[in-house]
There are 2 protein chains.
Amino acid sequence: MALEHAILVSLAERSASGYDLARRFDASIGNFWKASHQQIYKVLGRMEAQQLVEASLVEQDGRPDKKVYAITADGRLELARFSATPTPPEVLRSELAVKLRALPFGDRDAVVASVRARRVQHEEKLAYYSESSQRFYPDAEHVPQDQLGSWLVLRGGILAEETGLAWCDEILQALGAER
Amino acid sequence: MALEHAILVSLAERSASGYDLARRFDASIGNFWKASHQQIYKVLGRMEAQQLVEASLVEQDGRPDKKVYAITADGRLELARFSATPTPPEVLRSELAVKLRALPFGDRDAVVASVRARRVQHEEKLAYYSESSQRFYPDAEHVPQDQLGSWLVLRGGILAEETGLAWCDEILQALGAER
DNA sequence: ATTCCCATGTAATTAGTTACATGATTCG
DNA sequence: CGAATCATGTAACTAATTACATGGGAAT
């Protein structure tokens, strides 16, 4: 499972509580790996038992106590091991594609509505990624070595959203619908 | 769950045995929805109980008997209902992105190897899609109405593979690696 | 002789989702 | 006063993967 590894990466970048991680999995990491807080707490528990991470209780005033997790030496080893592993092809599941294929048996207008909604999502994500790109990497030609990975992931996001947008436009045009 | 609906689409296009479906989920449908034969048989059983599909036993000589499944009236209703449903955003999980993000803590050469392997996969799929496109839709300007959905799905595949390829090239260039 | 294709499943396990649960503080 | 944020979980369920299981025929 790669959720463990996504968590290890995130903790290697900076220690965090389960709650913090859940927020990261809603934003930065969440851009390429989604996870709910329930799932995160469950996996964190298992990872602590495996000594990939260790928790320290931090008391706070005015706020609930929290358990801050840090990656351990074992965790770093596991992350390096994972990094050296061949990457299986990604499993894609496109519900929109199922609905397109179902067009002859379904509701054309409703599918158009789904595509329009998807188009808006792509536009929003693209705007968000573009802004992040300008803010964090103003000079695309000279990205610091230690941020190369994050930059490349962001680039992947931008490319994917642009493509998604282009696909939506092709679909809408082919179905004779306005944007 | 949309596996049910992917099966319904496939059976609406043409009745099939579980084995046939498994092969379709390795090729055409499998291009946007993956499923193993075990999963397919299990879901088919449930769908038969729900009367979304019905099976008829076909005896063959020289080959094992097979159960050919056909979509029922209820199945068609369910498919139409599904088609009219809003489509939730796709949950993306990119193990390659996790590994890119893990670059500072991992094995750079191994990640380059993963990207090269991924690049080959994209090239192969793109070649396969392009060939399908030319074979089944030689005139892209005049795709028959009843094949519009399939054509658009294929277009989505082509766009996605082209983008994946471009991303791999960006990564390899940024990491100073040859293709 | 061995492997591939046809054909259908069960069993065990892991991963992920949805629903439920609690409780303090801060902001409008 | 109500909603949002911070903070952590359990329980029940659904979906998916991996391993196991069988057996005939056709091709190399």
Side-chain angles (χ1 to χ4, degrees), chain A residues 1-8 11 15-27 29-30 32-50 52-53 55-69 82 88-95 98, chain B residues 1-8 11 15-27 29-30 32-50 52-53 55-69 82 88-95 98:
Chain A
M1 186 195 33
L3 172 56
E4 274 169 339
H5 301 111
I7 288 176
L8 285 176
L11 291 181
S15 296
S17 67
Y19 186 85
D20 295 333
L21 282 171
R23 277 186 311 171
R24 290 185 197 170
F25 276 83
D26 254 5
I29 314 279
F32 53 92
W33 204 277
K34 291 277 176 209
S36 64
H37 72 104
Q38 293 95 329
Q39 206 187 337
I40 289 167
Y41 284 118
K42 208 191 305 179
V43 173
L44 273 176
R46 185 173 59 205
M47 289 169 79
E48 195 182 0
Q50 294 168 196
L52 301 173
V53 300
S56 56
L57 199 71
V58 174
E59 290 175 45
Q60 303 181 111
D61 52 314
R63 288 182 181 187
D65 298 349
K66 62 179 176 181
K67 274 196 267 180
V68 173
Y69 289 90
F82 166 73
E90 249 119 61
V91 182
L92 28 72
R93 299 213 156 133
S94 171
E95 190 170 316
V98 176
Chain B
M1 187 196 31
L3 172 56
E4 274 169 340
H5 302 111
I7 289 176
L8 285 176
L11 291 181
S15 296
S17 67
Y19 185 85
D20 295 332
L21 282 170
R23 278 186 311 171
R24 290 185 197 170
F25 276 83
D26 255 3
I29 313 281
F32 54 91
W33 204 278
K34 292 276 176 210
S36 63
H37 72 104
Q38 294 93 329
Q39 206 188 338
I40 290 167
Y41 283 118
K42 208 190 308 179
V43 173
L44 274 176
R46 185 172 61 204
M47 289 169 79
E48 195 181 1
Q50 293 169 193
L52 300 173
V53 300
S56 57
L57 198 72
V58 175
E59 289 175 45
Q60 303 181 112
D61 52 314
R63 286 183 183 185
D65 297 351
K66 63 179 176 179
K67 275 197 265 180
V68 172
Y69 290 91
F82 166 72
E90 250 118 61
V91 182
L92 28 72
R93 298 214 156 132
S94 171
E95 190 170 316
V98 176

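Numbered from 1 within each chain, the chains take letters A, B, ... in sequence-line order.
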**Request:** Starting from C1' on D:dG9, measure out to CD on A:E48 and report it in whole angstrom.
**Result:** 14 Å

**Prompt:** What's the CD-C1' distance between B:Q39 and C:dT13, to the nearest Å?
**Reply:** 15 Å

**Asked** Is the distance from OP1 or OP2 of C:dC5 to the nearest side-chain N or O of B:R23 less than 4.0 Å?
**Response** no

**Asked** With respect to the phosphate group of D:dA16, does any side-chain polar atom (N or O) of A:R93 fall under 4.0 Å of OP1 or OP2?
**Response** yes

**Fill in**
Looking only at heavy atoms, the pair that brings B:V53 and B:L44 closest together is CG2-O, 4.2 Å

**Prompt:** Just how far, in rounded Å, is P of C:dT17 from CZ of A:F25?
**Reply:** 12 Å

**Message:** Can a donor-acceptor pair be found, under 3.5 Å and without considering hydrogens, that links the side chain of B:E95 to the backbone of A:E90?
**Reply:** no

**Request:** Working to the nearest 0.5 Å, report the span between OH of B:Y69 and CG of B:L52.
**Result:** 12.5 Å

**Complete:** Ranking A:V43 and B:V68 by the position along DNA chain C of their nearest nucleotide, the one closer to 5' is B:V68

**Fill in**
Heavy-atom nearest pair, A:R24 first then A:S15, reads NH2-O, 3.5 Å

**Request:** Round to a whole Å and report the spacing from CG of B:L21 to P of C:dT8.
**Result:** 9 Å

**Prompt:** Picking from D:dT17, D:dA7, C:dG9, which would you name as closest to the side chain of A:Q60?
**Reply:** D:dA7

**Fill in**
note: B:L3, atom CG; D:dA15, atom P; distance rounded to Å ~ 9 Å

**Asked** A:Y19: what forms a side-chain contact (heavy atoms from CB on, under 4.5 Å) with it, not counting sequence neighbours?
**Response** A:S17, A:R23, A:Y41

**Message:** In the structure I gave you, are the side-chain heavy atoms of B:M47 and B:L8 within less than 4.5 Å of one another anywhere?
**Reply:** yes

**Item:** Rounded interatomic separation in angstrom, taking CG from B:L44 and P from C:dG9
**Value:** 9 Å

**Fill in**
Scoring nucleotides 20-28 of chain D by protein non-hydrogen atoms under 4.0 Å (B base, S sugar-phosphate only, - none) yields B--B-S---

**Item:** Between C:dA7 (P) and B:Y69 (OH): distance, integer Å
**Value:** 13 Å

**Item:** Short side-chain N/O contact from A:S36 to OP1 or OP2 of C:dG16, under 4.0 Å
**Value:** no

**Closest non-hydrogen atom pair between B:A16 and B:L11, with its separation** = N-CD2, 3.6 Å

**Fill in**
Here the distance between atom P of C:dA7 and atom OH of B:Y41, to the nearest Å, is 8 Å

**Request:** Return no unless some side-chain N or O of A:Y19 is found under 4.0 Å from OP1 or OP2 of D:dC6.
**Result:** yes

**Prompt:** Looking across every strand, which nucleic acid part, if any, lies under 4.0 Å from A:K42 by heavy atom: base, sugar-phosphate, or nothing?
**Reply:** base

